[in-house]
2 protein chains.
Amino acid sequence: MNENQAFPWDHPRFRSWIGVARACQLMQQAMTRAIADLDIKTPHLDILINLYRFDGISQQELARKLLVGRSNMSMLLPQLEKRGLIARRPDAKDKRVLRLSLTEAGRDLTAKAMAIQTGLIERTLSKTPADRCLQVAEAMEDIIGILQTMEDDEG
Amino acid sequence: MNENQAFPWDHPRFRSWIGVARACQLMQQAMTRAIADLDIKTPHLDILINLYRFDGISQQELARKLLVGRSNMSMLLPQLEKRGLIARRPDAKDKRVLRLSLTEAGRDLTAKAMAIQTGLIERTLSKTPADRCLQVAEAMEDIIGILQTMEDDEG
DNA sequence: GGAAAAATGTTCAATGCTGAACAATAAAGT
DNA sequence: ACTTTATTGTTCAGCATTGAACATTTTTCC
């Protein structure tokens with residue numbers, strides 16, 4: 001009868017979203033434990049995977065893909081560079097930008113880490129059938145689209 | 001033909017999960033902006049909502065619900081206490097535990113914040129029909145169950 | 001061509017979160 | 001009863017993240 005339920009946790013959408021947030025948090029923690037042996041944390045892994053996929057990307061582009069600030073990259077990338085996992089080369093045409101790429105060691109480590117990550121995701125979503133995964137993905141696409149629109153309108 | 005795709009991002013489950021993680025990150029950022037006017041951030045909001053719902057909870061129980069460490073509560077709760085939003089009273093029977101509750105001001109602020117939060121979620125999931133939300137929620141329940149089992153087995 | 005605006009990366013102070021070590025209290029084992 | 005173990009909350013050092021201020025370089029606009 002009452003469309004505006006008394007409490008947020010009675011709203012179906014609210015409850016759904018709480019589940020999403022909770023699952024994300026737990027997955028993040030599980031992932032952190034899973035890759036601890038490789039001496040990297042999830043922010044490093046996100047960086048490495050993106051460099052694996054998009055070789056020669058700039059710091060700015062990387063930050064945008066990861067939805068973090070530029071300053072964050074300025075803090076993390078030198079660490080990975082010192083460990084010999086990535087290389088930062090100045091761009092030939094634009095003297096402001098640094099082009100990022102994985103070293104041999106970086107590619108090896110990333111391959112190992114991605115295997116672990118994929119394994120964890122497969123195991124965690126094993127109970128969720130493929131078509132259900134697809135439906136979830138579609139729902140998330142919609143949500144991402146709306147959130148990005150909101151962001152653009154405000155900022 | 002090839003069951004083990006060459007790259008993680010070709011796995012359907014992997015792609016699905018990336019979407020979930022991305023949506024969560026964007027939602028978190030949008031929520032942070034949405035409640036900035038109330039001078040609280042999402043960790044504070046999570047605390048306040050749980051106190052609104054579970055009056056008299058202990059710090060330990062709260063930390064467990066929020067999936068964070070006890071030390072985190074020890075840092076954040078005194079802030080909220082100083083702002084007069086919550087009260088911490090020693091338990092009568094067990095001298096170790098502190099029982100948490102919202103003050104009048106805390107309840108008011110929490111009500112406002114929950115209205116904003118619910119509004120944002122409703123708007124963001126508006127494109128996602130109710131039955132689809134339910135399916136997503138079910139999928140997340142499965143995922144949460146598996147992750148919690150993994151956690152218990154390891155730790 | 002030259003001034004104004006924008007883009008890129010860096011630095012810094014502030015804050016959040018964690019895990020480990022700790023003190024106080026309670027519960028279990030003997 | 002007494003020793004041992006577990007639980008609760010606190011403190012602290014370490015790291016991640018942010019936003020603002022900054023220097024350098026590029027683009028835009030007149």
Side-chain angles (χ1 to χ4, degrees), chain A residues 21 24-26 28-33 35-36 39-48 51 56-83 86-101 151 154-155, chain B residues 21 24-26 28-33 35-36 39-48 51 56-83 86-101 151 154-155:
Chain A
C24 262
Q25 218 176 334
L26 283 166
Q28 173 107 359
Q29 292 173 0
M31 194 70 73
T32 302
R33 288 194 303 271
I35 61 175
D39 258 305
I40 55 174
K41 297 197 182 142
T42 56
H44 306 121
L45 179 55
D46 289 339
I47 292 172
L48 292 173
L51 293 187
I57 199 177
S58 76
Q59 293 193 188
Q60 175 81 288
E61 291 165 334
L62 182 56
R64 248 199 293 272
K65 278 181 192 300
L66 299 180
L67 303 174
V68 299
R70 280 170 297 164
S71 54
N72 191 359
M73 295 298 99
S74 279
M75 309 285 274
L76 295 181
L77 291 173
Q79 296 176 14
L80 297 174
E81 195 179 24
K82 275 178 201 126
R83 284 180 58 181
I86 69 169
R88 299 201 290 173
R89 279 184 259 289
D91 185 283
K93 303 197 170 177
D94 191 333
K95 291 179 189 171
R96 292 170 302 180
V97 343
L98 293 175
R99 299 267 156 220
L100 307 169
S101 52
E151 197 173 2
E154 292 179 19
Chain B
C24 262
Q25 218 176 335
L26 283 166
Q28 172 106 359
Q29 292 173 0
M31 193 71 71
T32 301
R33 288 195 303 272
I35 61 176
D39 258 306
I40 55 173
K41 298 199 182 141
T42 56
H44 306 122
L45 179 55
D46 290 338
I47 292 173
L48 293 172
L51 261 44
I57 199 177
S58 76
Q59 293 193 189
Q60 174 81 287
E61 290 165 334
L62 182 57
R64 247 198 293 273
K65 279 182 191 301
L66 299 180
L67 303 175
V68 300
R70 279 170 299 165
S71 55
N72 191 2
M73 294 299 97
S74 279
M75 310 283 275
L76 295 182
L77 291 173
Q79 295 176 13
L80 296 174
E81 196 178 24
K82 275 178 201 125
R83 285 180 59 181
I86 69 169
R88 299 201 291 173
R89 279 184 258 290
D91 185 282
K93 303 198 172 177
D94 191 333
K95 293 178 188 169
R96 292 170 301 180
V97 343
L98 292 176
R99 299 266 155 222
L100 307 170
S101 54
E151 198 173 1
E154 292 179 18

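Just so it is clear, the structure is predicted and the values come from calculations on it, not from any experiment. Chain identifiers are assigned alphabetically (A, B, ...) following the order of the sequence lines, protein sequences preceding nucleic acid strands; residue numbering begins at 1 within each chain.
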Original post:
Is B:Q59 near enough to D:dT8 that one of its side-chain N or O atoms lies under 4.0 angstrom from OP1 or OP2?
Top reply: no
Original post:
Checking all strands, does A:M75 fall into the base, sugar-phosphate, or nothing category for heavy-atom contacts under 4.0 angstrom?
Top reply: base
Original post:
Considering only side-chain heavy atoms of B:S58, which listed nucleotide, C:dA26, D:dG9, D:dA20, is closest?
Top reply: D:dG9
Original post:
Does the base of C:dA7 carry an N or O that pairs as donor and acceptor with the side chain of A:R96 under 3.5 Å?
Top reply: yes
Original post:
Atom CD1 of B:I47 to atom C1' of C:dG16: distance rounded to whole Å?
Top reply: 11 Å
Original post:
In whole angstrom, what separates B:R88's CZ from D:dT8's C1'?
Top reply: 12 Å
**OP:** State whether B:Q79 places a side-chain N or O below 4.0 Å from either non-bridging phosphate oxygen (OP1 or OP2) of C:dG16.
**Re:** yes
Subject >> Phosphate OP1/OP2 of D:dG9: any B:R64 side-chain N/O under 4.0 Å >> reply: no
**OP:** Nearest whole angstrom, please: distance from the C1' of C:dT18 to the CE of A:M31.
**Re:** 19 Å
Original post:
Counting side-chain heavy atoms from C-beta on, which of C:dG9, C:dG16, D:dA16 comes nearest to A:P43?
Top reply: D:dA16
**OP:** Indicate, with a heavy-atom threshold strictly under 4.0 Å, whether A:D94 touches base, sugar-phosphate, or nothing.
**Re:** sugar-phosphate
**OP:** Using heavy atoms to find the nearest nucleotide of DNA chain D for A:K93 and B:Q60 separately, return the residue whose nucleotide is more 5′.
**Re:** B:Q60
Original post:
Taking the side chain of B:V97 as heavy atoms from C-beta outward, which of C:dG9, D:dT17, D:dT8 is closest to it?
Top reply: D:dT8
Subject >> Sidechain-backbone polar pair: A:E61 side chain, A:G56 backbone, donor-acceptor under 3.5 Å >> reply: no
Subject >> Pair B:V97-B:Q60, side-chain contact (heavy atoms from CB on, under 4.5 Å): steps then yes or no >> reply: CA-CA 8 Å; B:V97 343; B:Q60 174 81 287; over 6 Å; no
Original post:
A:L67 has an atom CG; how far is it from atom P of D:dT17, in whole Å?
Top reply: 12 Å
Original post:
Does B:E151 reach the main-chain N or O of A:Q29 with its side chain, forming a donor-acceptor pair under 3.5 Å?
Top reply: no
Original post:
Between atom CD1 in B:I57 and atom C1' in D:dT8, what is the gap in whole Å?
Top reply: 14 Å
**OP:** Provide the closest heavy-atom pair for A:G69 versus A:A63 in the form atom of the first, atom of the second, distance.
**Re:** O-CB, 3.9 Å
Subject >> Side chain B:R70 and base D:dG9 donor-acceptor under 3.5 Å >> reply: yes
Subject >> Interatomic distance, B:D91 CG vs D:dG9 P [rounded to whole Å] >> reply: 9 Å
**OP:** Considering non-hydrogen atoms only, spot the tightest contact between B:K41 and B:I35 and give its length.
**Re:** C-CD1, 3.7 Å
Original post:
At under 4.0 Å between heavy atoms, what does B:R99 touch on the DNA or RNA strands: base, sugar-phosphate, or nothing?
Top reply: nothing
Original post:
Applying the side-chain contact (heavy atoms from CB on, under 4.5 Å) test to A:I47, which of A:I57, A:L76, A:L100 qualifies?
Top reply: A:L76
**OP:** Mind calculating the distance between NZ (B:K41) and P (D:dA16) to the nearest angstrom?
**Re:** 19 Å
**OP:** Figure out the CE/P separation between B:M73 and C:dC17, and round it to whole Å.
**Re:** 7 Å
Original post:
Nearest to the side chain of A:L76 - D:dT25, D:dA16, C:dT18?
Top reply: D:dA16
Subject >> Donor-acceptor pair (no angle test) under 3.5 Å: A:S74 side chain, C:dG9 base >> reply: no
Original post:
If you look at every strand shown and take non-hydrogen atoms under 4.0 Å, does A:E61 touch a base, only sugar-phosphate, or nothing?
Top reply: nothing
Original post:
Does A:N72 make a side-chain N or O approach to OP1 or OP2 of D:dT18 shorter than 4.0 Å?
Top reply: yes
